[in-house]
**Q** 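One structure, pasted below without further comment.
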Amino acid sequence: MNSRKLEILVGFFVALGIAAFAMLALKVANAGISGNGDTYLLKAKFDNIGSLKARAPIKVGGVVVGRVEAISIHPQEFLPVVDMTIDAQYQCRFSDTSSVSILTSGILGEQYLGINPVIAPKSAEQACLGLEVTSNDGDLGLDELFGVESKALNDGDFITDTKSALVLEELIGQFLFNQGGE
Amino acid sequence: MFDMLQKLGQKTFGRFAALGRSTQMLIGALWNLPNFRKGTPLLVRQLYMVGSQSLLIIMVSGLFIGMVLALQGYTVLVGYGAEDSLGPLVALSLLRELGPVVTALLFAGRAGSALTAEIGLMKATEQLSSLEMMAIDPLKRIIAPRFWAGFISMPLLALIFSAVAIIGAHLVGVDWLGVDTGSFWSIMQSQVSFQQDILNGMIKSFVFAIVVTWIALYKGYDCVPTSEGISKATTETVVHSSLAVLGFDFILTAVMFTS
């Protein structure tokens, strides 16, 4: 066999191998640019995380905006703390009055985090990004109404308003307790 | 009594001597930096023999294994209404286990036995000794290119195997049994991690490549230079490398996928 034909066949083999790698990396594992883009970290404390796992999706209105990075126990308060990595395009967009809850997809499905977003006012977003505060438009007098100044959530901040997972045993216990009371 | 002890000692010495000879062979073949100008044509020829010619068996068995996995997985999952999880089931079992292991087993049967028989015959017809007479190191000229060819081909073959098998699973699961194509891919993408699954699978197949090619080359290089010796060495290559692959697979899985 002449060496040209041989080299072509080897080239075909290697090209097929590279194509298989590309298919596995992009189509099967989704390690594309969007998957490993810039992110920032938010934290939230829960009373009970149910069966939430690392890598679970974080959704806003059903659209995935990030993933659960890690779950640990707060050293003093002994409550589970969930670290969330959120796509960097939403950095400083959520106000600190946003809430996060643990939800279940389907009746037996996996658990995921849902953020109920409150959009941060423009002035808070600029302050959070370290820009000069020029805008006053988002400030609709809410701060005076509630008596506190709303902030935008930046890297490492805690979301304080959290709703824990529903645990079936607790629900049944509550139901039986209420039945007994009647 | 003492005869038995002596036999045991003899066997132990024999095993260690074989291990030493095989290590010596590998180090002798790989010690010097490869000479790219002279080595590349040899390597390309071996890549063709070891890699390109294994392509057909790898792709066909990959396609059928993917199809069977999808069929079996579907019949179990549909009972729980969880047939959407077919994608991750197939992809994870292929990338973590079946891809590297089945490729290594097929590779041992298809390419490993051929390597052993070829080198064994070279030894029986004293081609290796004549090379030495011409001041050409047979380790560098014969063993080294074959080792590198196996080392390069097997991970590529394992990747091709997994990719083709996932396409086969898609064929059966989505086109025949009617799993939704969107959830097939998207749940697979959310469950399969690039580092954890694909890279660890590739590390596995690199380890298997070293093990299988090393055993095949050593069995050929060390065989008794008769027709009976060559046939015994070829059989031993397939048996020993299959057992070694399965053993190493357990160790690697225990290290990689338990936390």
Side-chain angles (χ1 to χ4, degrees), chain A residues 1-37 39 51-59 62-72 85 87 104-113, chain B residues 40-41 43-56 58-59 62 80-82 84-85 87-88 90-92 94-95 99 149 152-167 169-170 184-199 201-202 259:
Chain A
M1 185 171 298
N2 59 11
S3 104
R4 185 176 147 71
K5 197 175 167 192
L6 199 127
E7 278 167 8
I8 288 171
L9 285 167
V10 171
F12 173 70
F13 164 56
V14 174
L16 208 62
I18 292 167
F21 182 72
M23 179 203 150
L24 291 176
L26 297 174
K27 185 111 186 166
V28 176
N30 202 18
I33 303 113
S34 60
N36 286 349
T39 55
S51 63
L52 188 75
K53 293 182 191 70
R55 280 178 53 74
I58 297 161
K59 297 182 181 180
V63 180
V64 178
V65 296
R67 296 213 170 268
V68 173
E69 182 71 16
I71 298 168
S72 53
T85 52
D87 201 329
T104 311
S105 58
I107 193 129
L108 288 170
E110 292 290 301
Q111 288 190 306
Y112 66 95
L113 284 178
Chain B
T40 312
L43 179 65
V44 167
R45 175 148 201 95
Q46 290 312 316
L47 274 175
Y48 171 73
M49 305 288 289
V50 165
S52 302
Q53 291 201 331
S54 307
L55 214 50
L56 192 66
I58 293 288
M59 286 173 79
Y80 300 95
D84 283 347
S85 299
V90 170
L92 286 179
L94 280 168
L95 290 168
I152 294 167
S153 318
M154 183 156 350
L156 288 175
L157 288 171
L159 286 171
I160 294 170
F161 182 93
S162 299
V164 171
I166 288 170
I167 292 169
H170 185 271
F184 182 86
W185 290 115
S186 70
I187 300 178
M188 190 194 293
Q189 283 173 1
S190 73
Q191 299 276 319
V192 177
S193 126
F194 181 71
Q195 277 104 1
Q196 178 74 19
D197 301 318
I198 295 185
L199 283 188
M202 281 190 76
S259 47

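Convention: sequence-line order gives letters A, B, ...; per-chain numbering from 1.
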**Q** Tell me, for A/V64 versus chain B, whether the close heavy atoms (under 4.5 Å) come from the side chain, the backbone, both or neither.
**A**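 For A/V64, neither part sits under 4.5 Å from chain B.
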**Q** Let me confirm one number: the CE-CG distance from B/M49 to A/L6, rounded to the nearest 0.5 Å.
**A**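 Going from the CE atom of B/M49 to the CG atom of A/L6 covers 9.0 Å.
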**Q** Heavy atoms only, distances under 4.5 angstrom: which of B/M202, B/M188, B/Q196, B/Q191 has the most pairs with chain A? Name it, please.
**A**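 Looking at each of B/M202, B/M188, B/Q196, B/Q191 in turn, B/M188 comes out on top.
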**Q** A/L52 and A/I71: which non-hydrogen atoms are nearest, and at how many Å?
**A**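 A/L52 and A/I71 have their closest heavy atoms at O-CD1, 3.4 Å.
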**Q** Return the option, out of B/V44, B/L47, B/L199, with the maximum number of heavy-atom pairs under 4.5 Å with chain A.
**A**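 Option with the greatest count: B/V44.
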**Q** When you measure from the side chain of B/S52 to the backbone of A/F13, do you find a donor-acceptor pair of N or O atoms at a distance under 3.5 Å?
**A**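 Judged by distance alone, no pair lies under 3.5 Å.
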**Q** Any side-chain heavy atom of B/L55 within less than 4.5 Å of one from A/F12?
**A**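 Side-chain contact under 4.5 Å: yes.
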**Q** Of all of B/V164, B/I152, B/I166, which one pairs up most often with chain A through heavy atoms under 4.5 Å apart?
**A**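 Answer, by heavy-atom pair count under 4.5 Å with chain A: B/I166.
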**Q** Between B/S162, B/P155, B/S153, B/S85, which shows the greatest number of heavy-atom pairs under 4.5 Å with chain A?
**A**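 Highest number of heavy-atom pairs under 4.5 Å: B/S153.
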**Q** Ignoring hydrogens and geometry, is there a side-chain-to-backbone donor-acceptor pair from A/T85 to A/T39 under 3.5 Å?
**A**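 Not a single qualifying donor-acceptor pair exists.
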**Q** Using non-hydrogen atoms and a 4.5 Å limit, figure out which bit of B/I198 sits close to chain A: side chain, backbone, both or neither.
**A**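 Side chain only.
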